[in-house]
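Lettering follows sequence order; numbering is per chain, from 1.
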Amino acid sequence: MAEQQHLYLVDGSSYIFRAYHRLPPLTDPEGTPVGAVYGYTTMLWKLAEDLEKAEGPTHLAVILDKDSKSFRNEIYDQYKANRPPAPEDLVPQFPLIRDATRAFSLPCIEMAGYEADDLIASYARAAQARGWNVTIVSSDKDLMQLVGEQNGARIDMLDTMKNQRIFREEVKEKFGVGPELVGDVLALMGDSVDNVPGIFGIGPKTASKLIAEHGSLTAALDAAPEMKPSKLKDRLTEGRFDAELSKVLVTLKEDCELPEPLDDFKLDGVPAAPLAAFLGKHGFTSLLRRLDGGHGSPSRATDLNPPKQQAQSDKGAPEGNRQPLPEMPPIDRNAYETVQTIERLEHWVERAFAARQVAVDTETSSLDSVAADIVGVSLALGPNDACYIPLAHGGSDMFAEKPQQVPLADAIAALKPLLESDAVLKIGQNIKYDINVLARQGIAVAPVDDTMILSFTLDAGRSHDGIGGGHGMDELSERHLGHTPLAFKDVCGTGKKQIPFGEVPLDKATEYAAEDADVTWRLHQHLKPRLSVEGGTRIYERVDRPLIPVVAQMERHGIKVDRAQLARLSEEFASETGRLEKEIHALAGEEFTVGSPKQLGDILFDKLGYKGGKKGKSGQYSTDQSVLEGLAAQGAEIARKVLEWRHLAKLKSTYTDALQEQINPATGRVHTSYSLVGAQTGRLSSTDPNLQNIPVRTPIGRQIREAFVPEAGNLLLAADYSQIELRLAAHMADVPTLKEAFANGEDIHARTAQEMFGEVTRDTRARAKTINFAILYGISRWGLAARLEVEPDEAQAMIDTYFQRFPGIQRYIHETLESVRERGYSETLFGRKTWFPRINSKNQAERQGSERAAINAPIQGTSADIIKRAMARMMPALNEAGLGHVRMLLQVHDELVFELPEGDVSKASPMIERVMAEAARPAVELSVPLGVDIGTGTSWDAAH
DNA sequence: CGGATCACG
DNA sequence: GACGTACGTGATCCGA
């Protein structure tokens with residue numbers, strides 16, 4: 001056997017302690033705390049995945065502490081006597097570590113009287129003696145004694161939390177001496193956690209120095225009498241006994257009897273069934289899905305935890321509170337505290353650290369998170385356990401007395417460690433907003449949970465309409481808590497009488513602001529547990545939640561626009577529309593409001609008597625583009641002019657005028673706001689201004705893109721997925737011809753034309769393109785007929801041909817609809833659900849509309865998942881390549897726009913391309929390549 | 001404030 | 001026999 005064996009020894013006990021302190025406090029569906037176990041499980045998973053890698057394991061075992069007593073206690077009764085008891089919510093997780101290990105079918109070794117470290121040392125040495133490499137998965141400094149090479153075999157360590165390998169070099173860096181002397185250093189310095197005495201007054205620095213100088217502990221102690229009189233000399237002399245005792249305590253026992261032979265640790269794959277059972281039991285749904293994705297067909301990731309009953313009850317009754325509601329007292333606005341002193345603030349911060357999760361809400365002067373000034377912060381730690389910290393109240397009236405408040409700088413300094421602590425989960429409703437507001441105060445809020453996004457993940461498409469797509473706080477509060485929170489207008493008024501939040505008296509402000517935090521905290525209690533039960537963990541944890549800080553940063557970056565260019569265009573469009581308006585009036589024979597479709601319809605069809613006027617249900621003639629084009633084709637000059645007028649008027653009002661006003665005076669840039677819950681399919685949407693619909697299709701419109709520019713010395717880089725939705729359709733519907741065409745890099749519409757019509761001409765390619773889109777959108781003969789300007793019968797014939805030439809499409813449509821009818825929701829390749837409550841409606845129009853949307857949602861949604869994954873990975877990838885200053889500015893569904901120094905283009909382009917092209921992996925292996933086109937230039941237009 | 005229109009993917 | 005026709009968005013304007 002020439003193959004190099006590689007044993008991995010996992011220090012399970014130490015891992016779980018660190019995982020506990022590093023990860024937010026998650027609970028499983030039954031309420032058992034499982035945060036640390038989850039961390040442990042993902043770590044094992046990662047190791048199992050590395051199986052086939054060069055440095056991956058061939059053998060693996062997990063080593064645990066059997067009990068707290070070991071032979072060291074017989075030597076020294078105070079050993080580890082100072083250890084504080086394990087935290088209350090960690091204790092129940094210890095036995096789960098064994099369960100998790102067994103679920104992976106991995107050996108789990110423990111032995112009474114010995115610590116895990118001793119077993120690890122003994123196994124490591126035994127393996128090394130056989131010429132195996134060994135990796136110890138731990139960060140325990142005691143184990144660093146083992147690192148090094150003997151017999152041509154290497155022992156190293158792996159810190160999976162820091163993702164760091166520890167070789168000899170790293171040990172030397174930490175201790176100043178090689179691994180063989182680490183025990184001596186530890187013996188001198190002692191360890192307060194394990195209550196190893198060491199020598200009083202000697203810390204790590206002195207210990208390293210002494211051992212490095214004298215070559216060993218004994219030599220250092222022996223040299224003491226010869227030293228010149230000093231404190232150090234006395235300490236060494238007096239501490240000799242302690243040091244020698246400590247040496248015994250820290251020295252690993254390397255010759256324990258091995259409870260199981262090494263060969264039994266041979267890895268031989270991970271059977272799925274016991275693992276699935278474990279993951280399912282504890283609600284680790286994201287892992288469950290990965291398991292299924294790895295072994296079953298990734299394109300048909302089935303829900304191993306199918307909420308059958310839930311899907312049934314959802315039909316017709318879209319509300320779904322299947323979880324028993326947590327018991328909570330009713331909202332009591334009088335229970336909230338107004339925090340006005342630093343002492344009280346510090347008290348709240350301290351309590352928040354202890355609670356390890358806190359709901360946070362900021363109050364500001366404006367709805368624009370990048371421009372907004374902070375006015376106050378509210379925190380909630382439990383039902384009715386909330387406070388408001390006013391920070392900038394009473395500013396506008398110079399003569400009025402300002403209420404007592406903690407000075408802003410002091411409050412920020414007090415809040416910063418809490419809001420940035422890895423160990424405390426910050427919960428917000430649309431927390432991207434608060435992240436941006438606090439970013440201006442120098443606070444990088446993390447880690448976060450977002451109740452709005454939780455709601456979206458669970459309930460996208462469920463029929464609760466309203467602003468925010470049904471995921472706004474007021475709606476969520478009504479729906480899940482049965483409570484109506486104070487509305488903003490109740491405290492600030494509306495219209496002209498509206499006052500800024502900073503002018504609201506503190507008692508009222510506290511009721512409003514603290515209630516929002518309280519409600520958010522309560523919503524989190526309702527929504528978070530549903531995630532694992534209903535299969536939302538994978539999308540939430542792996543796609544949407546990681547995106548929050550990424551999108552927040554894109555919003556803060558903004559993009560530079562050339563105001564002068566926009567102003568020039570505005571003037572140009574104004575004079576052109578003015579000229580056209582006169583000509584239109586002349587042709588109409590009277591003056592009227594060209595922008596009024598109603599007046600225009602009456603003029604065209606009643607006064608001028610053009611044919612083809614159709615009134616809609618509003619009793620009004622339709623005058624939209626297709627109608628006017630029809631009239632223009634008949635030779636109606638007025639229709640041509642109205643079309644041109646509309647084109648220019650649209651560009652002026654929506655873009656050249658509006659964008660100028662959106663330039664942030666402080667940054668000189670335009671900062672859009674992205675909604676992560678804007679589109680039912682999982683796409684982002686962009687508002688204030690919408691930068692996802694900047695003109696591109698006409699030459700005149702493209703002039704507006706020329707106004708989007710980089711800073712001096714920089715370029716804009718646009719990277720877009722080529723035909724991503726068609727590629728996904730080819731994969732998901734498993735269409736051989738299309739997959740082959742994409743694999744060969746063919747022009748897909750031309751290939752479609754060839755298949756459909758037997759020849760590729762301008763006309764057949766255009767028709768093929770229309771048909772391809774029709775497929776993605778859920779086809780109907782009438783819709784296609786209208787687009788292609790043919791009879792419905794002919795359109796139907798084309799559809800039939802399409803289905804015949806591209807087998808798989810019809811089956812995909814059928815299976816998708818069957819599944820949605822049955823379960824109530826559609827699903828992307830990554831498990832994002834979109835609900836279709838009207839899919840079984842008796843109203844045909846409603847039902848058919850849902851059917852078309854349901855055919856499209858998995859495709860559009862998968863595309864959205866993929867670009868979101870690319871976005872989440874982009875900055876880490878660029879950072880790693882030393883390209884951290886490349887700025888990702890915009891996302892337009894299948895396109896990402898970056899700003900970067902000219903000199904970085906050649907290095908960044910292939911990197912960006914790779915991250916985007918690889919974004920589906922490893923969760924999903926597509927059977928078509930993802931193509932990415934990249935361009936750069938001195939404007940957004942030029943970058944295309 | 002709803003409808004019509006049109007900008008984008 | 002009538003229904004009413006492509007998926008997903010957001011901004012602006014008109015007119016009630």
Side-chain angles (χ1 to χ4, degrees), chain A residues 460-461 467 469 592-601 614 616-628 642-643 645-659 661-662 672-675 677-698 700-702 704-705 720-726 729 770-788 792 795 799 826 834 841-861 863-864 867 890-895:
Chain A
I467 24 169
F592 68 101
T593 308
V594 182
S596 164
K598 184 176 187 301
Q599 292 182 34
L600 178 67
K614 261 184 273 172
K617 52 185 161 211
S618 60
Q620 194 179 308
Y621 290 113
S622 169
T623 65
D624 69 17
Q625 204 163 346
S626 66
V627 172
L628 294 182
V642 171
L643 280 169
W645 181 93
R646 279 197 182 155
H647 186 205
L648 297 173
K650 175 83 174 181
L651 296 179
K652 181 175 186 297
S653 69
T654 309
Y655 302 103
T656 58
D657 287 353
L659 275 173
E661 288 166 29
Q662 295 277 359
T672 184
S673 170
Y674 287 104
S675 171
V677 302
Q680 311 292 2
T681 53
R683 272 190 178 181
L684 304 189
S685 72
S686 161
T687 59
D688 308 307
N690 181 356
L691 294 185
Q692 290 181 323
N693 70 348
I694 302 302
V696 70
R697 289 172 186 170
T698 67
I700 301 175
R702 272 203 296 278
I704 293 164
R705 286 201 171 215
D720 60 284
Y721 284 111
S722 145
Q723 306 291 0
I724 187 169
E725 293 194 3
L726 267 178
T770 300
I771 297 169
N772 276 330
F773 279 107
I775 296 298
L776 298 182
Y777 297 152
I779 201 162
S780 86
R781 73 184 74 172
W782 299 277
L784 183 62
R787 300 274 157 163
L788 291 177
I799 294 168
S826 71
T834 303
S841 167
K842 293 201 170 59
N843 178 328
Q844 187 182 229
E846 217 172 50
R847 186 176 67 250
Q848 289 179 340
S850 289
E851 287 173 355
R852 290 191 299 268
I855 290 165
N856 179 251
I859 299 168
Q860 189 183 113
S863 164
I867 196 167
L890 303 177
Q891 189 252 43
V892 193
H893 309 309
D894 63 358
E895 173 185 7

Check step by step if side chain to side chain donor-acceptor pair (under 3.5 Å) holds for A/Ser626 and A/Arg787. CA-CA 10 Å; A/Ser626 66; A/Arg787 300 274 157 163; over 6 Å; no
What's the closest nucleotide to the side chain of [X] if the choices are [options]?
{"X": "A/Pro695", "options": "B/dA7, C/dA6, B/dG9", "answer": "B/dA7"}
{"X": "A/Ala845", "options": "B/dC6, C/dT9, C/dG4", "answer": "C/dG4"}
{"X": "A/Thr681", "options": "C/dT12, C/dG8, B/dT5", "answer": "C/dG8"}
{"X": "A/Asn693", "options": "C/dC13, B/dA7, C/dA6", "answer": "B/dA7"}
{"X": "A/Arg705", "options": "C/dC7, B/dC8, C/dT5", "answer": "B/dC8"}
{"X": "A/Thr593", "options": "C/dG8, C/dC14, C/dA11", "answer": "C/dC14"}

If you go through the side-chain atoms of A/Lys598, does one of them form a donor-acceptor pair with the base of C/dC14 closer than 3.5 Å?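 Under the 3.5 Å cut-off, the side chain and the base do not form any donor-acceptor pair.
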Short question: side chain of A/Thr672, backbone of A/Asn690 - any donor-acceptor pair under 3.5 Å?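 Absent.
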So, the side chain of A/Thr687 versus the backbone of A/Pro689: is there a donor-acceptor pair under 3.5 Å, distance only?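 Checked: no pair found.
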Does any nucleotide pair with B/dG9 by Watson-Crick or G-U wobble geometry, both distances under 3.5 Å, and what is it?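 Paired with B/dG9, as far as the under-3.5 Å criterion goes, is C/dC7.
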Of all heavy-atom pairs between A/Arg646 and A/Gln625, which one has the smallest distance, and what is that distance?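 Smallest heavy-atom distance, with atoms named: NH1-N, 4.4 Å.
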Can you tell me how far C1' of B/dC6 sits from CZ of A/Arg697, to the nearest Å?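 Answer to the nearest Å: 10 Å.
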